[in-house]
Number of protein chains: 2
Amino acid sequence: MPTKFNDAVKNWKLLVAADIVVFTFCDSELKVLLVKRKYAPGVGKWAIPGGFVRETESLETAALRELKEETGLEKEGYLEQLYTFGDVARDPRARVISVSFLVLVNEPEKIKLKSTDDATEAKWFSVKKIPELSFGQSHKEILIYALKRLRWKFEYTNVALSLLPEHFTLSDLQQIYETMYNDKVDKRNFRKKILSLDLVEPLEQVRQEAGRPALLYKAKSKKLKMFARIY
Amino acid sequence: MPTKFNDAVKNWKLLVAADIVVFTFCDSELKVLLVKRKYAPGVGKWAIPGGFVRETESLETAALRELKEETGLEKEGYLEQLYTFGDVARDPRARVISVSFLVLVNEPEKIKLKSTDDATEAKWFSVKKIPELSFGQSHKEILIYALKRLRWKFEYTNVALSLLPEHFTLSDLQQIYETMYNDKVDKRNFRKKILSLDLVEPLEQVRQEAGRPALLYKAKSKKLKMFARIY
DNA sequence: ACAAAAGTGTTCCTAATACACCCATGA
DNA sequence: TCATGGGTGTATTAGGAACACTTTTGT
């Protein structure tokens with residue numbers, strides 16, 4: 001008889017949560033979406049949006065459902081599973097195992113964030129000014145992990161394209177890299193590299209702001225592509 | 001009142017499993033450790049070792065405990081969380097969410113694999129000759145994912161060192177890369193590259209097999225190190 | 001004419017590739 | 001002396017890094 005399975009069912013006491021770290025880029029800053037908690041623990045404090053996975057839905061489905069329920073955010077560009085945090089004491093209420101996700105959205109100014117049943121407020125925070133978070137260190141740990149992974153993806157993939165609108169200039173793209181690396185990048189070398197990677201194609205439109213009009217580009221594909229190698 | 005939490009507790013019907021993909025290198029082949037199942041589902045078929053996570057242990061602890069219980073394998077070199085698989089229909093018995101791990105061991109010939117309470121047999125299989133696995137496609141999916149990740153780690157990190165014994169020759173290392181890439185590598189360039197990365201240091205011993213004795217090296221550190229960049 | 005941002009080429013240097021022979025040992 | 005695997009150097013090429021001025025527009 002399958003004793004281990006029976007044991008496990010008898011002791012059915014684990015909860016699985018999906019937590020979603022949503023990044024966007026706006027006002028020359030990388031921002032993350034947080035919600036103000038309505039319920040214990042941590043009422044009134046900010047937290048990473050998330051909630052419990054139901055028996056009948058996949059992890060991704062749960063993540064997107066929770067995200068919508070808590071922030072009103074519906075259609076995202078990029079979604080990736082990050083890591084599963086399972087320390088025994090993460091949540092004071094019960095043993096909760098959290099599967100975390102990374103979501104990237106572009107054009108945040110077009111998104112209406114709603115106050116909802118589960119959170120009194122949802123708001124973008126610059127990653128340089130994160131408020132105190134509920135759930136002790138555990139949400140902070142998730143956020144730090146997400147940031148690390150995102151920076152890494154910038155170095156090795158075309159993921160930056162998911163933070164830009166359909167049409168963008170090479171300077172827009174460069175600015176995202178500069179923000180991400182927290183460093184200036186040489187314009188000529190940057191353009192040479194990006195164009196040589198064949199990631200974008202020029203349109204026949206320009207965008208006019210201050211100064212000389214800038215040629216607009218679009219992504220050839222937003223499918224994740226990887227680069228480089230050790231040996 | 002925290003209604004969502006109460007709902008979740010009321011519907012406590014998810015199980016969390018830890019599944020462990022163990023790789024080693026032997027006889028010029030990459031091998032994976034599988035167990036023959038004693039209980040349903042899939043009695044008598046081979047499966048990736050793993051089992052249910054208990055309420056009082058972390059995910060890593062559960063993974064190592066299950067690994068020991070099912071295969072007798074105790075001390076490993078490298079352990080990394082891989083991915084969490086959560087499709088609704090993965091397991092016919094219940095909703096099971098599987099947190100998968102990658103483990104690398106060296107010197108498999110020194111490891112005694114025991115038949116245990118949970119598995120009738122544990123055995124190394126060449127990744128080129130994987131038998132049919134239980135749990136439909138789900139264990140196969142995990143294995144394919146683990147292999148992809150491992151190959152990737154070979155390209156961008158020093159993880160190969162975790163598949164070698166304390167002392168090894170540069171040819172040993174090269175052979176692992178050749179197996180992994182399924183391709184020949186130029187000896188001079190390989191040595192130049194590895195030495196320039198400052199990953200290993202020469203010992204004052206040689207190893208004598210057929211032909212000229214080979215200088216032995218050891219890893220400067222087995223801590224995971226990463227290399228290269230897109231921009 | 002000036003301010004503001006876009007756009008563009010060349011030189012230098014480092015690192016990747018391709019390639020073939022001699023060396024130390026045991027049988 | 002032969003078979004076996006270990007060990008070594010150079011020339012070519014491709015790509016990364018550093019660097020400053022001209023162009024186009026609005027005001």
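Since this is a predicted model, take the numbers as computed values, not measurements.
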Show me the protein contacts with nucleotides 25-27 of chain D, counting only N or O atoms at under 3.5 Å.
none

Looking at the base of D:dA20, is there any donor atom on it, or on the side chain of A:Arg188, that sits under 3.5 Å from an acceptor on the other one?
yes
Should we say atom CD of B:Glu132 is surrounded by more than 12 heavy atoms from elsewhere, each under 6.0 Å from it?
no
Whole-Å distance between D:dG7 P and B:Asp186 CG?
15 Å
What integer distance in Å separates B:Asn189:CG from D:dA11:C1'?
12 Å
Side chains of B:Trp46 and B:Lys123, heavy atoms from C-beta outward: is any pair under 4.5 Å?
yes
Is B:Lys192 side chain donor-acceptor paired with the D:dT10 base, going by distance under 3.5 Å alone?
yes
Between atom CZ in A:Phe190 and atom P in C:dG9, what is the gap in whole Å?
18 Å
Please verify the inter-ring angle class for B:Tyr145 with B:Phe85; under 30° counts as parallel, over 60° as perpendicular, anything in between as tilted.
perpendicular
For A:Asp183 and D:dA17, give me the distance from atom CG to atom P, rounded to whole Å.
12 Å
When B:Thr71 is tested against each of B:Val35, B:Ile111, B:Ile20, B:Val22 for side-chain contact (heavy atoms from CB on, under 4.5 Å), which residue passes?
B:Val35
Under 4.0 Å from OP1 or OP2 of D:dG7: is there any side-chain N or O of B:Arg191 that close?
yes
Exceeds 12 heavy-atom contacts within 6.0 angstrom, atom CD of B:Glu166:
no
Rounded to whole Å, CD1 of B:Ile194 lies from C1' of C:dA16 at a distance of 14 Å
Within this structure, what is the NZ-to-P distance between A:Lys193 and D:dA18, rounded to whole angstrom?
14 Å
dist B:Phe227:CZ -> B:Lys193:NZ (nearest 0.5 Å) comes out at 8.0 Å
Single hit among B:Leu197, B:Asn158, B:Val159 for side-chain contact (heavy atoms from CB on, under 4.5 Å) with B:Lys225
B:Asn158
Mind calculating the distance between CD (B:Gln205) and P (C:dT25) to the nearest angstrom?
16 Å
Side-chain N or O of B:Lys187 less than 4.0 angstrom from OP1 or OP2 on D:dG7?
no
Is it true that A:Phe25 and A:Phe23 have ring centroids separated by less than 6.0 Å?
no
B:Leu195 CG to D:dG7 C1', straight-line distance once rounded to whole Å:
11 Å
Are the aromatic ring centres of A:Tyr156 and B:Tyr156 under 6.0 angstrom apart?
yes
Give the residues of residues 160-175 of chain A touching DNA chain D, defined as any heavy atom closer than 4.0 Å, sorted by residue number.
none
